[in-house]
Amino acid sequence: MKIAFVGKGGSGKTTLSSLFIRHLAASRIPVIAVDADINQHLGAALGLDEAEAAELPAMGAQLPLIKDYLRGSNPRIPSAESMIKTTPPGEGSRLLRVGEDNPVYDACARPVELDGAAVRLMATGPFTESDLGVACYHSKVGAVELCLNHLVDGREEYVVVDMTAGSDSFASGMFTRFDMTFLVAEPTRKGIAVYRQYKEYARDFGVPLKVVGNKVQGPEDLAFLREETGDDLLVTVGHSDWVRAMEKGRPARFDQLEEANRHALETLHHTADAAYGRRDWERYTRQMVHFHLKNAESWGNAKTGVDLAAQVDPAFVLSEGAATPQPA
């Protein structure tokens with residue numbers, strides 16, 4: 001299952017995504033955690049110290065390796081240089097699976113221990129000084145989008161992505177890559193404004209969206225969120241001494257998280273799991289192709305010097321049963 005956490009900056013989406021990842025790990029469910037935010041804080045939220053977080057490999061720096069591995073023997077993609085972030089898989093492409101070992105995970109993922117369980121953590125990499133004036137952050141998350149396009153995942157395995165803040169996630173087609181999107185909203189006008197943007201953008205693409213109210217301090221906050229988000233409001237989260245200790249670098253064992261917040265995480269898990277029954281791999285593949293053709297016409301053809309529409313395999317549908325060739 002592919003799950004996104006979104007919301008305005010400071011809403012608590014990184015904290016909520018890290019708690020959800022810990023909840024899944026405590027249930028011994030395989031998890032790949034991806035930090036796709038311009039502010040790279042997911043590692044710290046999962047317990048890494050500053051030095052450990054800084055040592056995480058940047059996916060963007062491994063883009064040539066990622067492209068070369070994923071193209072496999074696909075005859076429609078003659079070189080890694082001709083691939084862009086939206087390139088869809090086809091016959092002969094290599095696919096990624098959550099529980100396997102492969103060169104992409106070897107290069108980009110690192111294990112993080114969480115109370116006796118382990119998750120794989122991947123990070124886009126920070127926006128560095130050398131990028132200023134010459135690159136946008138969407139060039140960093142292109143590696144994430146390409147991996148999601150080639151990812152085959154099942155019901156009891158999760159990829160949880162902490163997305164970049166605000167509505168920037170809609171700068172590419174990556175927002176359609178998820179079985180469920182949890183929007184973390186504070187009970188404020190700014191928090192609701194981001195929700196309305198997401199709701200409008202997501203509606204045309206059938207993106208499932210649920211609101212997680214955060215920093216809810218009383219009945220007035222709850223009533224405000226209910227009035228503004230209606231049935232989209234799934235659950236709310238209040239103050240947490242456990243989270244406060246975690247942010248100070250002194251977390252207790254996860255099973256000591258407050259009961260109300262544990263129940264909130266269980267609700268997120270049940271909601272995500274229920275989305276499995278609504279999966280539509282044909283629509284998923286169709287949307288992937290739609291955004292690829294759009295990007296190809298907008299900038300990709302000019303950048304690569306080739307007709308990227310030729311990369312589309314009209315007979316290919318990504319699915320759990322799709323075969324992938326093994327590396328030689």
Side-chain angles (χ1 to χ4, degrees), residues 1-35 37 39-50 52-53 98 110-123 156-163 165 179-187 191 210-219 221-222 225 233-275:
M1 304 294 290
K2 294 179 284 289
I3 309 299
F5 279 81
V6 301
K8 80 173 186 65
S11 64
K13 67 178 181 62
T14 298
T15 298
L16 265 296
S17 62
S18 71
L19 290 176
F20 187 61
I21 290 164
R22 288 176 183 270
H23 165 81
L24 295 172
S27 301
R28 298 301 187 263
I29 293 174
V31 183
I32 293 177
V34 182
D35 192 343
D37 194 355
N39 299 307
Q40 301 271 280
H41 296 317
L42 184 58
L46 292 173
L48 298 185
D49 62 30
E50 187 174 336
E52 291 170 330
V98 172
R110 294 295 180 267
V112 177
E113 296 292 330
L114 298 173
D115 289 347
V119 302
R120 278 173 165 154
L121 175 60
M122 304 172 73
E156 281 301 305
E157 47 189 18
Y158 278 76
V159 177
V160 180
V161 183
D162 181 20
M163 298 282 278
D179 297 288
M180 178 59 61
T181 296
F182 292 126
L183 187 145
V184 182
E186 300 170 271
K210 286 296 182 181
V211 174
V212 181
N214 193 29
K215 305 178 185 178
V216 176
Q217 297 182 5
D221 286 348
L222 179 58
L225 287 172
L233 181 61
L234 177 65
V235 71
T236 62
V237 179
H239 173 78
S240 171
D241 290 332
W242 191 97
V243 169
R244 180 62 61 87
M246 180 269 291
E247 291 174 341
K248 293 177 179 177
R250 299 193 295 268
R253 286 188 58 83
F254 185 65
D255 57 15
Q256 296 179 28
L257 181 71
E258 298 85 0
E259 183 178 3
N261 291 330
R262 290 205 310 272
H263 288 165
L265 295 173
E266 289 169 0
T267 299
L268 297 186
H269 189 181
H270 293 326
T271 302
D273 183 70

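Quick caveat, the model's predicted, so the values are computed rather than measured.
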Write down the atom of N214, the atom of S11, and the distance for their closest heavy-atom approach.
ND2-O, 2.8 Å

I would like to know whether L42 and D37 meet side chain to side chain contact (heavy atoms under 4.5 Å, CB included); could you show each step before the answer?
CA-CA 9 Å; L42 184 58; D37 194 355; over 6 Å; no

Mind checking the CG-CD spacing from D162 to Q40? Nearest 0.5 Å is all I need.
9.0 Å

Heavy-atom distance under 4.5 Å between the side chains of F254 and R262, does that happen here?
no

Do V159 and V161 come within less than 4.5 Å of each other through their side chains, counting heavy atoms only?
yes

Kindly indicate whether the side chain of W242, heavy atoms from C-beta on, has any atom under 4.5 Å from the side chain of E258.
yes

Any ion pair linking D221 and K215 (charged N to carboxylate O, less than 4.0 Å)?
no

How long is the span from the CE atom in M246 to the OG1 atom in T15, to the nearest 0.5 Å?
5.0 Å

Dump the intermediate steps for side chain to side chain contact (heavy atoms under 4.5 Å, CB included) on L48 and L121, then the final yes or no.
CA-CA 11 Å; L48 298 185; L121 175 60; 3.9 Å; yes

Rounded to the nearest 0.5 Å, the CD atom of E52 sits from the CG atom of D49 at a distance of 3.5 Å

Within this structure, what is the NE2-OG distance for the pair H269 and S27, rounded to the nearest 0.5 Å?
6.0 Å

Pair D115, R22 - check salt bridge (charged side-chain N to carboxylate O under 4.0 Å, His left out), show working.
CA-CA 9 Å; D115 289 347; R22 288 176 183 270; 5.2 Å; no

d(M163 CE, K13 NZ) to nearest 0.5 Å is 9.0 Å

Kindly give the heavy-atom pair with the smallest separation between R120 and V98, and that separation in Å.
NH1-O, 3.0 Å

In this structure, is the centre-to-centre distance between the rings of H23 and Y158 below 6.0 Å?
no

Answer whether the closest heavy-atom distance between the side chains of V237 and L265 falls below 4.5 Å.
no

I need the E157 CD to I29 CD1 distance, nearest 0.5 Å.
10.5 Å

Would you say D35 and T14 make side-chain contact, with heavy atoms under 4.5 Å?
no

Atom of S240, atom of N261 and distance for their closest heavy-atom approach
CB-ND2, 3.6 Å

Show the numbers, then the answer: is there a side chain to side chain contact (heavy atoms under 4.5 Å, CB included) between T271 and M180?
CA-CA 8 Å; T271 302; M180 178 59 61; 4.0 Å; yes

Please report the shortest heavy-atom distance between A33 and I21, naming the atom on each side.
CB-CD1, 3.5 Å

Do the side chains of T181 and V6 get nearer than 4.5 Å, heavy atoms only?
yes

Heavy-atom side-chain contact between L46 and L114 under 4.5 Å
yes

For the residue pair A118 and E113, what are the closest heavy atoms and their distance?
CB-OE2, 3.7 Å

Heavy-atom pair with the smallest gap, counting every atom of R28 and A117:
NH1-CB, 3.5 Å

With side chain to side chain contact (heavy atoms under 4.5 Å, CB included) as the criterion, how do L268 and F5 come out once you've worked through the C-alpha distance, each side chain's angles and the decisive distance to 0.1 Å?
CA-CA 11 Å; L268 297 186; F5 279 81; 4.2 Å; yes

Is the shortest side-chain heavy-atom distance between H239 and R244 below 4.5 Å?
yes

